[in-house]
Amino acid sequence: MSSPESLVSRVTGLFADLTGSAPEGVWSAPGRVNLIGEHTDYNDGLCLPIGLPQRTYVAATRRADRTLRVRSAQRQEVVEVPLADVAPGTPGGWAAYLAGVLWALAREGYDVPGLDVAVDSSVPVGAGLSSSAALECAVAAAVSDLAGLGLLGSDGGRAALARACIAAENTIAQAPTGGMDQSTAMLCRDRAALLLDCRSWRTRLVPFDLAAHGYALLVTDTRASHALVDGQYGSRRDQCRQAAAELGVSSLRELEPADLDATLALLSDDVLRRRVRHVVTEIERVRTAAAALEADDLAALGALFDASHDSMRVDYEISCLELDLATGTARAHGALGARMTGGGFGGSSIALVALDAVESTTNAIAEAFAARGLVAPVSFAVTAGGPARRDC
Ligand code: GLA
């Protein structure tokens, strides 16, 4: 992975190519992996993500007109859009994540300037590691500083920026996601997991320093395609809404785990029953996982990873061959536990692996993929990184 310093200098160079001058500043925000609590955010539930060391950087300068002009090192095009034209579906593609943030902050009544922006990133795109939220939050941090909004200075201000990023993603980029990713990129901390309550949006930091206990979190980007704007993610969300309506609750968070069997019996079909069972049991697993981490009980955390993966494979039906293979291979090579992370249907898995087994587990996963003729996966160990910030 490129160092923060080299990414700052790369994105500054890209900005100079675009505009012929130096930017007013450089801001960045991290990708994320969710340790546990999947598809719970849009059910008002709990989740336990960490920010990644991998970050997206934006170099930006205010413009005299109300136009957004952006260039990304990852894509060979310059996109230019008048802010007045930004609307659901416009601009299309990756620029929606930037334009949407400006749109959402303007809708909140802030005086948002036009911007020239260059983007560079070490967050893999399409790997289920929230590259889009990292981009949104880096831009939101830049706007907060350049427009003098002062929102980066407090958790309350950061939560307001996260809400703008969520609105950008839901309304302008039209991805019906739940808010975990943007909240993580704005509020995470080094060496901590973020226990996020998606009903109150309250957060609690839970120490997360696996290396101190001889372990690592191994991420495997399965390279199996993954997109949140396709129908599967939205259909899970609709099923949860339908189940909540049938049960007469405002969200599945309202359901009591102790009454689960009786509650499931009230639902009209088996698919809804399985979706609800995943959400209710997953929220409980988040509580137990946070307690296990606080007690340094990594074996218990690993067992919860496995149970969470099974729930997503069987009840929520969002795993796939590659995710099952990566997690199964990690377990077979001694991981304390493994699960898919993020939206599912591809993307990445995580495994709790002894420090001295990182290389052998990485190799075993690569060999298992090769033996089945699958695209080579990319595995790397991660630590918990810090939130959106100004870099220079
Ligand atoms: C994606 C979405 C999140 C969340 C996860 C599943 O990452 O962006 O809001 O729903 O899937 O937990």
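Atoms within each ligand, like the ligands themselves, are counted from 1 in listed order.
Under 4.0 Å is where a charged nitrogen must lie from a carboxylate oxygen, and between D306 and R285 no such pair does. Ion pairing between R158 and D155 fails under the 4.0 Å rule for side-chain N and carboxylate O.
Between T40 and ligand 1, not a single N/O pair is under 3.5 Å apart. An N or O contact shorter than 3.5 Å is missing between Y42 and ligand 1 by distance. Ligand 1 has an N or O atom lying under 3.5 Å from an N or O atom of H39, backbone or side chain. Considering backbone and side-chain atoms together, E169 places no N or O closer than 3.5 Å to any N or O of ligand 1. For G342, no nitrogen or oxygen atom sits less than 3.5 Å from a nitrogen or oxygen atom of ligand 1, counting backbone and side chain alike. In terms of N/O distances under 3.5 Å, ligand 1 is approached by Y233.
Applying the 4.0 Å criterion to heavy atoms of D41 picks out, from ligand 1, the atoms 3 (C), 4 (C), 9 (O), 10 (O). Atoms of ligand 1 lying under 4.0 Å from any heavy atom of G178, numbered from 1 in the order shown and given with element: 9 (O). Those atoms of ligand 1 with a heavy atom of T177 less than 4.0 angstrom away are 2 (C), 8 (O), 9 (O). Taking a cut-off of under 4.0 Å to the non-hydrogen atoms of M180, the atoms of ligand 1 that pass are 4 (C), 5 (C), 12 (O). With ligand atoms numbered from 1 in the order given, ligand 1 contributes 9 (O) to contacts under 4.0 Å with heavy atoms of G179.
Using bins of under 30°, 30° to 60° and over 60° for the plane-to-plane angle, the ring pair H278/Y316 lands in the tilted bin.
Looking only at distances, no side-chain donor or acceptor of S131 sits under 3.5 Å from a matching main-chain atom of A127.
Checked by atom type, the side-chain pair E169/T177 shows a donor-acceptor distance below 3.5 Å. Side-chain N/O atoms of S28 and D391 include a donor and acceptor closer than 3.5 Å. For the residue pair R32 and T184, no side-chain donor N or O sits within less than 3.5 Å of a side-chain acceptor on the partner. For the residue pair S2 and R10, a side-chain donor N or O sits within less than 3.5 Å of a side-chain acceptor on the partner.
Annotation for A292 and L301: closest pair CB-N, 4.1 Å, computed over non-hydrogen atoms.
Distances shorter than 4.0 angstrom occur between a heavy atom of R32 and an atom of ligand 1.
Looking at M340 against ligand 1, nothing comes within 4.0 Å, counting heavy atoms.
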